[in-house]
Amino acid sequence: MAAIQLTFPDGNVKEYDAGVKPIDVANGISKSLAKKSVSAKLDGHYVGMNDEIPASGQFELITTDDAESLDILRHSASHLMAQALKRIPKFANMHFGVGPYIENGFYYDTDNGAGNQVSVDDFPEIEAMMHKIVKENLPILSHEISREEALKTFANDPYKVELINDLPEGEKITVAVQGDHVELDKGGLVPSTGWIKHFKLISVAGAYWRGDSDNHMMQRIYGTAFWKAADLEADLQRRAEAKERDHRNIGRDLDLFFTSQEVGSGLPVWLPNGATIRRQVERYIVDKELNNDYLHVYTPVLSNLNLYKTSGHWDHYREDMFPPMDMGDGEYLELRPMNCPSHIMVYKHKPRSYRDLPMRVAELGMMHRYEKSGALTGLSRVREMTLNDGHTFVEPEKLEDEFKSILKMMMEVYEDFNITDYRFRLSYRDPKNTEKYFDDDEMWEKSQAQLKRAMDDLGVDYFEAEGEAAFYGPKLDVQTKTALGGEETLSTIQLDFLLPERFNLTYVGEDGKDNHRPVMLHRGIVGTMERFTAYLIEMYKGAFPTWLAPLQVEIIPVNLGAHGDYARKIQKQLQDAGLRAQVETKDAKMGYLIREAQTKKVPYTLVLGDEEMGQDNVTVRRYGQKATETISMVDFMKEIQADVARYSRV
Ligand code: ATP
Ligand code: ZN
């Protein structure tokens, strides 16, 4: 038999007999290497440890030390789960879609027929069966099969048949076999089921076959796996904490907002409690901006499509936009995806002089973006959103000053909200994908360098990211962590030399000439109300500081008949001072009512009985504290007003 030559990552070349397997190669190097080798790659394609290496080539072993090995483990765990499901009588006829590894684990799309769905209650039984198959330590082997054989093997699996039929003519088809279980698979699997020891099924959710809402809804079962028990434990702990923080869960428990298919995907409904938080944020930021010489306006959410043709949105941002509305009279209207063109119209409304600049136009501007349905998440990624938007029109030589003053205002806002966990990202265009951006190399070089210089001057830390710019220019993004561990942009400042060109913006300079071109800065400080509120919910875990809390004071009369009037008098005093207070009228035990106020995370609970009533006193319980304190109403008013005062004026 002809020999094959394997080239190792260090450049060494060794010769082996044909038919050699990665496990033989590993054993030939060292026993300890063989023990931790999970899979191998030949010229970038996976070869299982116990499969024959088909040819000469660039060869590498993947060990449990390599990060990639976790993907292999999780990919294998999804197969293990499928095999276990098939062994459980009520899932024996289940159909399977795809079962890949993902960032934190794996999933498998399944279909067990409408009346017979999988639920989390089934997880212990499925996991037990998985452990049983792990004990059997079945070897996992891959081999190529013909299209006919593949169609025969998966004849009872309509989704797999569709996948096979979609493979281009001549494409190699491989399967992975473990015991009596066969998977349509490209490889990247552990040597045997015994390797998959530490795993857990996490959740089950609906998922359209191939992500297409015209297709059948399948059940996606999620799980995760690790090499070490301690790593799995830590991950499960992290997931539990994330769940507790998840703004969608808190939003439901505290009646803040909801989304529903009935209203439409990504179109949240703000309930009174959530609306209060939002209104507070809106009042705060508008006051702050007025205080910083911003001119607040209202402009339409719908505009003539031509506006977005001039701006370039239509050419560069169309896939994120809702389709235009044909009005039937030659006019096309578009739901705006950004507010910039509207604010440009404000600037253009009158001739401007250098004396008007910097001109800062601001708005709580509602916009619509057609985000992919799979990306929609609670309030943090939606299709209708209101941006705390602002556009500064500035003389080119004043650009850096304006940039710095926006950054300063942003830091003040962060301090007020107690936001400390964030990092700055300089977002550049993707030099390999320039058609997504305005085509002007010189402009990009210049503005990216200018942004970097401004940040270096300020001496703040940042990282750089290509491909994250807006289509019209580079930006500074503030990246924050979500409860689910992802990173999202909260605030942004963007440099723009282009829209002023496209819209032919001018001002009269000191020289009296009217052909000077301003530069634009786009910025969102608290970002969209939706994402910012999601962020606040997760950061505060629903326990909002008093100035933001939907309900600030819960008043509980000891006896509604005897103390109800006093309770309502206190409520009125608080309301007259602009505070949000409510009298509890439910007929329940005092202890229960106090606990309920704590569950709702109300900052102050007042208990009012005979003693309080006689002295114009209140007995206060502050959120998170066990102790109560009886103080005069005058003192309580002082305390709560001091608590909220810092934010009511800026
Ligand atoms: P992303 O990269 O998050 O999609 P973007 O770069 O498209 O955002 P910008 O055009 O800079 O976003 O929008 C300004 C701000 O609007 C962002 O900083 C972010 O806070 C917010 N935002 C953007 N898209 C959404 C959305 N779909 N839902 C909620 N908020 C959003
Ligand atoms: Zn803008």
S.K.: Dump the intermediate steps for side-chain contact (heavy atoms from CB on, under 4.5 Å) on Asp461 and Arg423, then the final yes or no.
M.R.: CA-CA 8 Å; Asp461 280 341; Arg423 44 187 207 143; over 6 Å; no
S.K.: Got a second to check how far Thr528's OG1 is from Leu379's CG, nearest 0.5 Å?
M.R.: 9.0 Å
S.K.: Please determine which of Leu189, Ile196, Thr224, Val38 meets the side-chain contact (heavy atoms from CB on, under 4.5 Å) test together with Leu73.
M.R.: Ile196
S.K.: For a 4.5 angstrom cut-off between non-hydrogen side-chain atoms, does Tyr46 reach Ile72?
M.R.: yes
S.K.: To the nearest 0.5 angstrom, please state how far the CG atom of Asp180 sits from the CG atom of Leu138.
M.R.: 8.0 Å
S.K.: Nearest 0.5 Å, please: how far is CZ in Arg383 from CG in Asp320?
M.R.: 11.0 Å
S.K.: Less than 6.0 angstrom separating the ring centers of His131 and Phe199, yes or no?
M.R.: yes
S.K.: Before you tell me yes or no, could you show the steps for Val175 and Asp185 under side-chain contact (heavy atoms from CB on, under 4.5 Å), namely the whole-Å CA-CA distance, both residues' side-chain angles and the distance that decides it to 0.1 Å?
M.R.: CA-CA 5 Å; Val175 289; Asp185 194 87; over 6 Å; no
S.K.: List the steps and the verdict of salt bridge (charged side-chain N to carboxylate O under 4.0 Å, His left out) for Arg210 and Asp166.
M.R.: CA-CA 12 Å; Arg210 298 187 142 181; Asp166 279 0; 2.5 Å; yes
S.K.: Less than 4.5 Å apart, side chain to side chain, heavy atoms only: is that true for Leu163 and Val98?
M.R.: yes
S.K.: Please evaluate residues Lys200 and Glu127 with respect to the criterion salt bridge (charged side-chain N to carboxylate O under 4.0 Å, His left out), reporting the C-alpha separation (whole Å), side-chain torsions for both, the decisive distance (0.1 Å), and the verdict.
M.R.: CA-CA 7 Å; Lys200 186 94 186 134; Glu127 284 165 352; 3.6 Å; yes
S.K.: Counting C-beta onward and ignoring hydrogens, is there a side-chain heavy-atom pair between Val478 and Thr492 closer than 4.5 Å?
M.R.: no
S.K.: Does Glu442 CD have over 12 foreign heavy atoms under 6.0 Å away?
M.R.: no
S.K.: Test Leu42 against every option in Leu6, Ile4, Thr7 by the side-chain contact (heavy atoms from CB on, under 4.5 Å) rule and name the one that passes.
M.R.: Leu6
S.K.: Measuring only between side-chain heavy atoms, which start at C-beta, is Tyr317 closer than 4.5 Å to Arg369?
M.R.: yes
S.K.: Looking only at heavy atoms, which two atoms of Ala469 and Trp444 are closest? And how far apart?
M.R.: CB-CZ3, 3.7 Å
S.K.: Is the gap between the ring centers of Phe322 and Tyr370 under 6.0 Å?
M.R.: yes
S.K.: Look at the side chain of Thr193 and the backbone N and O of Ile133, then say whether any donor-acceptor pair between them is shorter than 3.5 Å.
M.R.: yes
S.K.: Treating Ser56 as the side-chain partner and Gln5 as the backbone partner, does any N or O pair qualify as donor plus acceptor under 3.5 Å?
M.R.: yes
S.K.: Looking at Tyr101, I want to see if its OH is surrounded by more than 12 non-hydrogen atoms of other residues, nucleotides or ligands under 6.0 Å.
M.R.: no
S.K.: Do Lys481 and Tyr422 touch side chain to side chain, with heavy atoms closer than 4.5 Å?
M.R.: no
S.K.: What are the two closest heavy atoms between Val182 and Phe154, and how far apart are they?
M.R.: O-CE2, 3.6 Å
S.K.: Would you call the rings of Phe532 and Tyr535 parallel, tilted or perpendicular, where under 30° means parallel and over 60° means perpendicular?
M.R.: parallel
S.K.: Do Ser447 and Gln450 meet the criterion of a side-chain donor-acceptor pair at a distance under 3.5 Å?
M.R.: no
S.K.: I'd like to know if Arg425 pairs up with Glu468 as an ion pair, taking the criterion as any Lys NZ or Arg NE/NH1/NH2 lying under 4.0 Å from an Asp or Glu carboxylate oxygen.
M.R.: yes
S.K.: Begin with the C-alpha distance, continue with both residues' side-chain angles, and end with the deciding distance and a verdict on side-chain contact (heavy atoms from CB on, under 4.5 Å) for Phe403 and Leu451.
M.R.: CA-CA 9 Å; Phe403 178 84; Leu451 182 61; 3.4 Å; yes
S.K.: Would you say Arg523's side chain and Met410's backbone share a donor-acceptor pair under 3.5 angstrom?
M.R.: no
S.K.: Between atom CD1 of Ile406 and atom NE2 of His522, what is the distance when rounded to the nearest 0.5 Å?
M.R.: 10.5 Å
S.K.: Enter the distance from Arg531:CZ to Thr480:OG1 here, rounded to the nearest 0.5 Å.
M.R.: 8.0 Å
S.K.: Using only atom types and a distance under 3.5 Å, with no angle test, would you say the side chain of His75 pairs donor to acceptor with the backbone of Gly188?
M.R.: yes
S.K.: If I take atom CG from residue Asn27 and atom NZ from residue Lys35, how far apart are they, to the nearest 0.5 angstrom?
M.R.: 11.5 Å
S.K.: Using a 4.5 Å cut-off on heavy atoms from C-beta on, say whether the side chain of Met455 contacts that of Asp457.
M.R.: no
S.K.: Using a 4.5 Å cut-off on heavy atoms from C-beta on, say whether the side chain of Lys160 contacts that of Thr153.
M.R.: no
S.K.: For residues 83-91, please give each side-chain donor-acceptor pair under 3.5 Å, one per line with the distance, not counting sequence neighbours.
M.R.:
| unit_1 | atom_1 | unit_2 | atom_2 | d |
| --- | --- | --- | --- | --- |
| Gln83 | OE1 | Gln178 | NE2 | 2.8 |
| Gln83 | NE2 | Gln178 | O | 3.1 |
| Arg87 | NH1 | Glu136 | OE1 | 3.4 |
| Arg87 | NH1 | Glu136 | OE2 | 2.9 |
| Arg87 | NH2 | Glu136 | OE1 | 2.9 |
| Lys90 | NZ | Asp122 | OD1 | 2.8 |

S.K.: Any donor-acceptor pair under 3.5 Å linking the side chain of Ser37 with the backbone of Ser39?
M.R.: no
S.K.: Suppose we call two aromatic rings close when their centres sit under 6.0 Å apart. Are Tyr222 and Phe106 close by that rule?
M.R.: no
S.K.: Walk me through whether Arg453 and Glu400 qualify under salt bridge (charged side-chain N to carboxylate O under 4.0 Å, His left out).
M.R.: CA-CA 9 Å; Arg453 192 169 61 238; Glu400 287 193 31; 2.9 Å; yes
S.K.: With a 3.5 Å cut-off and no angle check, do the side chains of Asp477 and Ser427 form a donor-acceptor pair?
M.R.: yes
S.K.: Under 3.5 Å, side chain of Gln448 to main-chain N/O of Glu445, donor-acceptor pair present?
M.R.: no
S.K.: Report yes if the distance between the aromatic ring centroids of Tyr437 and Phe471 is under 6.0 Å, otherwise no.
M.R.: no
S.K.: Strictly distance-based, threshold 3.5 Å: is any side-chain N or O of Asp496 a donor or acceptor partner for the main-chain N or O of Leu499?
M.R.: yes
S.K.: What about Tyr159 and Phe96, are their ring centers closer than 6.0 Å?
M.R.: no
S.K.: Test salt bridge (charged side-chain N to carboxylate O under 4.0 Å, His left out) on Asp235 and Arg238 and set out the steps.
M.R.: CA-CA 5 Å; Asp235 182 70; Arg238 196 188 52 73; 3.2 Å; yes
S.K.: Take atom CG of Asn156 as the centre, draw a 6.0 Å sphere, and report whether it contains more than 12 heavy atoms from other residues, nucleotides or ligands.
M.R.: no
S.K.: Judged by atom type as modelled, is there a donor-acceptor pair below 3.5 Å linking the side chain of Arg74 to the main-chain atoms of Ala225?
M.R.: yes
S.K.: Verify, without hydrogens or angle tests, whether Arg245 (side chain) and Glu538 (backbone) share a donor-acceptor contact under 3.5 angstrom.
M.R.: yes
S.K.: Just wondering, are more than 12 heavy atoms of other shown residues or ligands nearer than 6.0 Å to CG in Asp439?
M.R.: no
S.K.: Apply the test side-chain contact (heavy atoms from CB on, under 4.5 Å) to residues Ser380 and His247: give CA-CA distance (whole Å), side-chain angles for both, the deciding distance (0.1 Å), then the verdict.
M.R.: CA-CA 9 Å; Ser380 63; His247 77 276; 3.8 Å; yes
S.K.: Are side-chain heavy atoms of Tyr107 and Val204 found at a separation under 4.5 Å?
M.R.: no
S.K.: With a 3.5 Å distance limit and no angle check, can you tell me whether Asp66 reaches the backbone of Ser69 through a side-chain donor-acceptor pair?
M.R.: no
